[in-house]
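Take a look at the structure set out below.
Please read all numbers here as calculations on a predicted model, not as lab measurements.
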Amino acid sequence: FIFLMADAFFTCRKNVLLAKSTSTQIEGIFAATRGNSVQEEQEALLQQWLEEGAGNLPASESAPAVGKASATLTSDWLEGSELLMSSLSDLNSAPEVTWCAGQQLTELCALASSEPPDHAVTKLEKLPAEKTVAVVGSAPWAAVVPQTDHQMVGCAPIGVGGQHEDPAVLAWSLAGGAEMVPTEPPAWPVQDAVQFCPLLEEVPYHEILWRDWEDLSVQPCELEQASKTPPLFEFRVMSYNILAQDLVEQGHDLYIHCHPDILNWDYRLPNILQEIQHWDPDVLCLQEVQENHYWEQLEPTFKKMGFACFYKRRTGRKTDGCAVCFKDSRFQLISVSPIEYFRPGLDVLNRDNVGLVLLLQPLLPECLDLKAVSPLCVANTHVLFNPRRGDIKLAQMALLLAEIDKIAKTPEGSYYPVILCGDLNSVPDSPLYKFIRNGQLSYHGMPAWKVSGQEDFSQQLHSRKLVAPLWPCSLGVTDNCQYVTRCQPKKQGRRKYSRDFLLQFHFCDIACERPPQLVLLEGVTDAKPDRPAYWPKHAAVVNDPELQPLIPRSSGVIQHGLNLTSVYSHYLPQRGRSEVTTMPMGLGATVDYIFYSAEPVENGRRGGRRLYRDGVLKLLGRLSLLSEDVLLMANGLPNPFCSSDHLCLLASFGLEVSSLREG
C-alpha cells in the first residue's frame, strides 16, 4: 500500500509543480485545477494516476486494491491542489497548496488500517509527526501534521511582516512565498536507494542563502584620512555565469538533484533578471549566455533597464558566449575588442572560448571635465573547463592579458584601471590564479592538470606536462603577455643587423643549453661551447629591448605587469570555511572571480601572495559568498531560489575623480 500511496502522491506533487511553472502552456493546462475539480478532471487525474502507478506495483498487489483506494483518493485527496503528503519546499512555495484538515488525516489513517494484515506496511497513524520516507525511484516525501496557520514547527511565522524585513525576498523571491528547506544538508540523490531520515527543522530558502553586504569603504586605519580622500566615482560590477539552457539539456547528469521544472528556462529567466535588477549593477559581465536568448530576450530587457550591451558568441558550433553590459547613463564607450582564443593549427589554442575587453569613460556631472576621471578597462571571459588542459588555459589567459595590455595602456606607458571578470575554471592559489595575482609563473615541467587545481590526476601515468615555449612565436605574443608590436620600439625604416652581430647569439645561455631529448653521443653531442669573454651576461641581453625579440623564448616563465588582485578573500572567517561560487555534483568550488587594479606593497608577500593596497581604483564593498555546507542545505545549485549553477559576484568600486596618476 505504501508503494501505491507514493505513486499517487508523486503524481499529485508533479501536478502542483507544473501548476507553478512559468510556462504559458503549462499554466493554461493546470489553471482549472486551482479550485474545485469537476468530475471530468477528477476522472482524468485518476486515469493518469492508474497509468503511472500500475508499472511500479509489486506483483502481490491486485487490481481491487487499486480500485479500493482510488475512490477516496480521487474525491478527497486529489481535489484541486490540496495534498496530504508532498515535499516541504513544494508545499510552502505554492500559494494554492493548503494544509490538510484533521478530518482528511483521520480518513487516510482508516484507509491504511483497512489493508489485509499480511501486508508488511507501517500504519500511517504510527508515523512520527514529521518523517521523511524515500521510496525506490521517487523523491522524498514528508507526512506533516495539519497546521491551523502558515507556520512550521520550530520556525517563526512567515508572513507579510517577515518579507518586509527581507529586501531580497521583496526584490526577487519566488512567486507564492519563500521556499522551505531542511537545515541539515540533504543527501545527494542516489538512485535505487531507500532512505528514512527525520525532517528536523525547517527554515526559508532566503534565510539559508542570505548573503551579507560587506562595507569596505572605510577601514579602521583610514578613519583619520577619510576627510582627505578625493571624491570618488562610485559604481557596481557584477559577474555572473547564468548557465546556458543548451548546456543544461546536454548535461542532465549534472542536475539530477534538481526538479525538472526549476531547470526550465521559462522558470530560470525571471529569477535571473530579478536578481540582476535587485542588485542594480552599473557594469554587468555575463558568461554562458545563449545566443538566441541574448538577442530575443536578454538584450531587449537590458536595454529597457538602461544598459548598452555587447556580445561575443563562442566560435565553432557553440551556442553560448560572453556579454558585457554597462549603464549608458554612467559610462561612455571608447572601444570594444572581442577576442577569439581559437587559432587554427595550434594545439595549445584549439578551443572555442572567447572574451571581451571594453574601454569605458565614466560620465561625470556637467560641471566636471571628463578628463578628471580615468577611463576604465573592463574584461570578461570564460576559460576552458577541461581540468587536464592547463596549457590551453594559460595560453588563453595570456591572449586576454595581451589584449588588456593593448587596450588599457596609456600614452605615457602606465595603465588605466582594469577590472577582470569571468569564469576562469581554476581554484584559488592554483598556478593560474597565482599567475594573474602575482604577475609571474614558472611553468616549465609543470603537469597540465595542476595549472587549474580543479582535480588531482597525480596518480595517472604519462600525464601531459608543460614545455617551453608554451606557444610559438608566430602567435605574436611575448612571455610578458604583450603583443610583439606593442613591446618593440617603433623606428623608421627596416632594421638591419650585421653577420657578426647575429653570430654572437651562438654563445648565449639559451643557445648553449643542451636539449633534454637530445641523444648523448660521446664527442658529438656532449660538447658545450665556452662563452667568449667579450659576450655580455645573459640578463643584460634579455633586458635590452633591442635584442629581446631575437632571443629564443624557452625560459619557461611568463609574466604580466597589470598588478591585479581579487575582490574576494576566498575564505569565510566567521564560519571557518572556504567560499564557493559553484557546486557541480554536490562539490563546492571557487572558479568565478573579479580582479581589479591595485598598487603592490613593496616587499610585501604573505603565503605566496603578493600584497596590494588600493590605488586610483578603490574597493568599497562586496556581496559575501557562501560556503559548501550552506549550499548543501539548499539542495545545491541550481535550486528554486538561485536559478544558475553559479553564484553571482558583486563588488562596489570608487574611481578617484582627479588627474591621472603615473605608473
Side-chain angles (χ1 to χ4, degrees), residues 233 235 237 283 285 310 312 324 326 331-341 354-362 369-381 394-422 435-441 471 473 475-492 542-546 548-549 553 557-565 594-600 610 612-618 653 655-663:
F233 175 84
F235 60 97
V237 177
V283 179
C285 296
F310 295 88
K312 176 59 182 175
V324 176
F326 61 89
F331 293 94
Q332 179 181 338
L333 179 68
I334 298 177
S335 66
V336 56
S337 297
I339 310 169
E340 296 180 357
Y341 297 141
V354 295
L356 277 169
V357 180
L358 279 68
L359 188 63
L360 305 176
Q361 176 63 56
D369 187 3
L370 289 180
K371 294 182 180 180
V373 62
S374 166
L376 177 70
C377 180
V378 177
N380 181 29
T381 190
L394 273 180
Q396 291 180 349
M397 186 53 57
L399 272 179
L400 178 66
L401 294 175
E403 191 69 27
I404 295 175
D405 177 89
K406 182 183 75 172
I407 299 298
K409 208 157 198 177
T410 67
E412 295 79 14
S414 59
Y415 292 100
Y416 296 126
V418 175
I419 294 179
L420 169 57
C421 302
F435 168 56
I436 298 173
R437 198 178 188 280
N438 297 340
Q440 185 173 349
L441 176 65
W471 57 82
C473 296
L475 185 62
V477 176
T478 69
D479 285 339
N480 292 329
C481 296
Q482 295 176 316
Y483 290 123
V484 174
T485 54
R486 296 289 299 178
C487 63
Q488 289 185 6
K490 297 181 180 181
K491 291 187 176 181
Q492 298 293 334
V542 174
N543 295 329
D544 189 345
E546 293 284 344
Q548 187 177 17
R553 294 173 48 255
V557 177
I558 55 176
Q559 54 190 0
H560 69 85
L562 296 177
N563 294 328
L564 300 173
T565 187
I594 299 179
F595 291 97
Y596 70 101
S597 295
E599 295 182 356
R610 179 187 293 179
Y612 291 92
R613 62 172 178 266
D614 285 345
V616 177
L617 183 63
K618 303 181 186 301
F653 295 97
L655 198 56
E656 287 186 2
V657 181
S658 60
S659 59
L660 296 180
R661 283 187 185 175
E662 296 292 334

Considering all heavy atoms, the nearest Ile404-Cys377 contact: CG2-SG, 4.1 Å
Under 3.5 Å: donor-acceptor pair, side chain of Thr381, backbone of Val354: yes
Qualifying residues under ring pair (Phe, Tyr, Trp, His ring centres under 6.0 Å), relative to Tyr612, sequence neighbours excluded: none
Derivation and outcome, side chain to side chain contact (heavy atoms under 4.5 Å, CB included), residues Thr565 and Arg437: CA-CA 5 Å; Thr565 187; Arg437 198 178 188 280; 3.2 Å; yes
Nearest-0.5 Å distance, CD of residue Glu656 to CZ of residue Phe233: 14.0 Å
Contact check, side chains of Val336 and Val324, non-hydrogen atoms, under 4.5 Å: no
Contacts of type ring pair (Phe, Tyr, Trp, His ring centres under 6.0 Å), residue Phe310, not counting sequence neighbours: none
Spatial distance of atom OG (Ser374) from atom CG (Leu655) [nearest 0.5 Å]: 5.5 Å
Residues forming a side-chain contact (heavy atoms from CB on, under 4.5 Å) with Ile334, sequence neighbours excluded: Leu359, Gln361, Pro375
Euclidean distance, Glu340 CD relative to Gln396 CD, rounded to 0.5 Å: 12.0 Å
Nearest-0.5 Å distance that lies between atom CD in Gln440 and atom CG in Asn480: 9.5 Å
Residues in ring pair (Phe, Tyr, Trp, His ring centres under 6.0 Å) contact with Tyr341, at least two apart in sequence or another chain: none
Side-chain heavy atoms of Ile594 within contact of Ile419, under 4.5 Å: yes
Qualifying residues under ring pair (Phe, Tyr, Trp, His ring centres under 6.0 Å), relative to Phe326, sequence neighbours excluded: none
Which residues share a side chain to side chain donor-acceptor pair (under 3.5 Å) with Asn563, sequence neighbours left out: Arg610
Ser337: partners by side chain to side chain donor-acceptor pair (under 3.5 Å), with sequence neighbours left out: Glu403
Side chain to side chain, His560 and Met397, heavy atoms closer than 4.5 Å: no
Criterion side chain to side chain contact (heavy atoms under 4.5 Å, CB included) on Leu358 and Leu333, from CA distance to verdict: CA-CA 7 Å; Leu358 279 68; Leu333 179 68; 4.1 Å; yes
With sequence neighbours excluded, residues passing side-chain contact (heavy atoms from CB on, under 4.5 Å) with Ala398: Trp471, Cys481
Side-chain touch Thr410/Tyr415, heavy atoms, less than 4.5 angstrom: no
Set of residues satisfying side-chain contact (heavy atoms from CB on, under 4.5 Å) with respect to Pro338, sequence neighbours excluded: Lys312, Leu356
4.5 Å side-chain heavy-atom contact, Asp614 and Phe653: no
Residue list, side chain to side chain donor-acceptor pair (under 3.5 Å) with Gln332, at least two apart or on another chain: none
Counterpart residues, side chain to side chain donor-acceptor pair (under 3.5 Å), relative to Ser597 (two or more places apart): none
Step-by-step side chain to side chain contact (heavy atoms under 4.5 Å, CB included) determination, Leu441 to Leu394: CA-CA 10 Å; Leu441 176 65; Leu394 273 180; 3.8 Å; yes
Approximate separation, where rounding is to 0.5 Å, of Ile436 CD1 and Leu401 CG: 6.5 Å
Check: Tyr596 and Val418 side chains under 4.5 Å, non-hydrogen atoms: no
